[in-house]
Amino acid sequence: MTVLEEHDVALVRADNPGPFTLSGTNTWVVGRDPCWVVDPGPAIEAHLAAVEAEVSARGGAGGIVLTHDHDDHAEAAPALADRLGARLAATRAPRAVRIADGDRVGPFEVVATPGHAPDHVAFASGAVCFTGDAILGEGSVFIAPDPGALSGYLAALERLQRMELAALCPGHGPVVEDPAAKIGEYLAHRRDRERRVIAALDAGRRSVDELLDEVWDDVPAVLRPAAAVTLAAHLDKLEEDGRLPNDVERPKWPW
């Protein structure tokens with residue numbers, strides 16, 4: 001029996017592969033009579049139809065929840081809610097019942113996981129946690145600059161690490177069957193990036209390009225803009241900690 005079968009979870013993966021979505025967005029259908037949908041994904045008709053079919057096979061939908069409001073996770077939410085006749089719950093989304101850290105919704109406990117997005121949450125159901133883009137099945141995530149974003153993200157990872165979890169169901173990539181190891185890997189990765197940023201600053205690097213070349217030298221060109229976003233979050237944290245030199249260039253982005 002697979003870990004998904006053991007916990008009565010089905011994966012419906014959207015056909016939207018890419019450098020940020022990996023093999024596509026994972027939509028999770030949890031339980032039955034009724035089931036619950038985590039992250040409806042992009043508004044692709046074939047994907048909506050596949051999710052609807054899985055929900056029907058499981059006795060209908062009790063509700064839909066969103067880990068965050070990025071389009072690759074949430075775009076299909078209004079249409080799916082209409083098709084299933086189900087309510088939508090999210091920290092922020094049109095037509096959604098508002099939820100917050102510690103709330104119970106359906107079979108889930110809401111766990112705040114800011115960092116990738118200010119509204120990001122995970123959903124714990126028993127020993128399984130649906131992590132959205134807080135933790136992926138492979139690779140790392142970018143951290144969006146926002147007051148306290150990186151500090152909040154590290155605290156959320158530490159909180160998840162203290163939970164007795166058997167599996168992580170991420171927003172992209174495969175199921176994680178060793179949550180403790182994966183979360184430890186994420187914490188070590190982020191702390192190593194911070195150490196390297198500090199070392200680069202100590203060596204006199206001040207421009208965005210210099211810092212990216214020095215610290216994110218392993219990142220392919222297509223992901224360099226995302227690395228710049230995460231660099232901004234690291235610089236914000238160093239400023240919060242009183243450790244950022246005054247003459248450092250800060251990344252700029254259109255939003």
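Since we're looking at a predicted model, the values are computed, not measured. Heavy-atom basis, side chains included; hydrogens, waters and symmetry copies ignored.
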For Gln161, the side chain to side chain contact (heavy atoms under 4.5 Å, CB included) test, sequence neighbours excluded, returns Ile183, Leu187
Discussion item. Main chain of Gly115, side chain of His120: is a donor-acceptor contact present, judged purely on distance under 3.5 Å?
Written reply: no
*asked:* Using the rule that Ile, Leu, Val, Met, Phe, Trp and Tyr join whenever any side-chain heavy atoms are under 4.5 Å apart, tell me whether Leu84 and Leu11 fall into a single cluster.
replied: no
Taken in chain and number order and not counting sequence neighbours, the residues that satisfy side chain to side chain contact (heavy atoms under 4.5 Å, CB included) with Asp209 are Ser207, Arg224
- [ ] Would you mind reporting whether Leu160 and Pro179 have side-chain heavy atoms less than 4.5 Å apart?
- [x] no
Residue set satisfying salt bridge (charged side-chain N to carboxylate O under 4.0 Å, His left out) with Arg193, at least two apart, ordered chain then number -> Asp218
So the ring pair (Phe, Tyr, Trp, His ring centres under 6.0 Å) pairs with at least one residue in residues 203-240 (sequence neighbours excluded) are Trp216-His234
Sorted by chain and number, sequence neighbours left out, salt bridge (charged side-chain N to carboxylate O under 4.0 Å, His left out) with Glu109 holds for none
Here the pair of heavy atoms bringing Pro34 nearest to Gly62 is CB-N, 3.4 Å
Of all heavy-atom pairs linking Cys129 and Ala122, the shortest is SG-CB, 3.7 Å
In terms of heavy-atom contacts, Val219 and Ala227 come closest through CG1-CB, 4.4 Å
- Message: Would you say Val141 ends up clustered with Leu168 if hydrophobic residues are merged whenever their side chains have heavy atoms under 4.5 Å apart, either directly or through other cluster members?
- Response: yes
Just wondering, do Trp28 and Pro170 contact through their side chains at under 4.5 Å, heavy atoms?
yes
TODO: Check step by step if side chain to side chain contact (heavy atoms under 4.5 Å, CB included) holds for Val29 and Trp36.
DONE: CA-CA 6 Å; Val29 185; Trp36 283 70; over 6 Å; no
With hydrophobic residues grouped by side-chain heavy-atom distances under 4.5 Å, do Val55 and Leu48 end up in a single group? yes
- Under a 4.0 Å N-O cut-off, is there an ion pair linking Glu158 with Arg191? yes
**Asked** Within the distance-only criterion (no hydrogens, no angle test), does the side chain of Arg243 pair as donor or acceptor with the backbone N or O of Leu238 below 3.5 angstrom?
**Response** no
Sorted by chain and number, sequence neighbours left out, side chain to side chain contact (heavy atoms under 4.5 Å, CB included) with Arg98 holds for Ala96
Practice problem: Apply the test side chain to side chain contact (heavy atoms under 4.5 Å, CB included) to residues Arg58 and Asp8: give CA-CA distance (whole Å), side-chain angles for both, the deciding distance (0.1 Å), then the verdict. | Solution: CA-CA 10 Å; Arg58 288 170 169 262; Asp8 202 12; 3.1 Å; yes
Under a 4.0 Å N-O cut-off, is there an ion pair linking Glu239 with Arg250? yes
Are Leu136 and Val222 linked, directly or through other ILVMFWY residues, by side chains that come within less than 4.5 angstrom of each other? no
Contacts of His70 meeting ring pair (Phe, Tyr, Trp, His ring centres under 6.0 Å) (sequence neighbours excluded), chain-then-number -> His68, His116
Does Gly148 offer a backbone N or O that forms a donor-acceptor pair with the side chain of Ser151 under 3.5 Å?
no
- prompt: Salt bridge or not for Asp178 and Lys182, using N-O below 4.0 Å?
  reply: no
What I'd like to find out is whether the side chain of Pro107 reaches to under 4.5 Å of the side chain of Ser125, using heavy atoms alone.
yes
The ring pair (Phe, Tyr, Trp, His ring centres under 6.0 Å) partners of Phe108 (sequence neighbours excluded) come to Phe123, Phe130
Without swapping roles, check the side chain of Glu5 against the backbone of Thr2 for a donor-acceptor pair under 3.5 Å.
-> yes
- Check the pair Thr67, Asp39 against side-chain hydrogen bond (donor to acceptor under 3.5 Å, both in side chains), reporting the backbone distance first and the verdict last. CA-CA 7 Å; Thr67 59; Asp39 286 352; 2.8 Å; yes
Residue pairs meeting salt bridge (charged side-chain N to carboxylate O under 4.0 Å, His left out), one or both in residues 74-93, sequence neighbours left out, come to Glu45-Arg83, Glu52-Arg83, Asp69-Arg92, Asp82-Arg95, Arg92-Asp119
Arg159 and Ala112 have their tightest heavy-atom pair at NH1-N, 4.0 Å
Does Val128 reach the side chain of Cys169, with side-chain heavy atoms less than 4.5 Å apart? yes
For this session: List the steps, then state whether side chain to side chain contact (heavy atoms under 4.5 Å, CB included) holds for Ile99 with Thr91.
Result: CA-CA 5 Å; Ile99 55 176; Thr91 55; 4.2 Å; yes
Here the pair of heavy atoms bringing Ala61 nearest to Ala86 is CB-CB, 4.0 Å
Item to check | Residues, nucleotides or ligands: over 12 heavy atoms within 6.0 Å of Asn246 CG | outcome: no
**Asked** So, do Leu150 and Asp236 sit near enough that their side-chain heavy atoms are less than 4.5 Å apart?
**Response** no
Here the gap from Arg13 atom CZ to Thr21 atom OG1, rounded to the nearest 0.5 Å, amounts to 10.0 Å
Any non-hydrogen side-chain atom of Leu201 less than 4.5 Å from a side-chain atom of Leu244? yes
The complete set of ring pair (Phe, Tyr, Trp, His ring centres under 6.0 Å) pairs with one or both residues in residues 164-199, sequence neighbours excluded, reads His73-His172
request  = Taking the side chain as every heavy atom from C-beta outward, state whether Glu194 and Val215 have any atom pair closer than 4.5 Å.
outcome  = no
Can you hop from Ile44 to Leu66 via hydrophobic side chains spaced under 4.5 Å?
-> no
By side chain to side chain contact (heavy atoms under 4.5 Å, CB included), Pro94 pairs with (sequence neighbours left out) none
Worksheet entry | Val30 backbone acceptor or donor facing Arg32 side chain under 3.5 Å | no
Distance col, row Phe142:CZ vs Leu231:CG, nearest 0.5 angstrom, shows 14.0 Å
Exercise. Between the main-chain N or O of Ile135 and the side-chain N or O of Thr131, is there a donor-acceptor pair closer than 3.5 Å?
Worked result: yes
Heavy-atom side-chain contact between Glu54 and Val51 under 4.5 Å: no
Please check this pair: side chain of Asp72 against backbone of Gly41, looking for a donor-acceptor N/O pair closer than 3.5 Å. no
Result for side-chain contact (heavy atoms from CB on, under 4.5 Å) between His47 and one of Thr27, Thr25, Asp15, Asn16 points to Thr27
Donor-acceptor under 3.5 Å (Glu249 side chain, Val208 main chain): yes
For Cys35 and Gly31 the tightest heavy-atom approach is CB-O, 3.2 Å
* Evaluate the side chain to side chain contact (heavy atoms under 4.5 Å, CB included) criterion for residues Asp217 and Arg196: first the C-alpha distance (whole Å), next the side-chain angles of each, then the deciding distance (0.1 Å), finally the verdict. => CA-CA 11 Å; Asp217 55 328; Arg196 294 179 64 188; 2.7 Å; yes
Apart from Val97 itself, its cluster of hydrophobic side chains linked below 4.5 Å comprises none
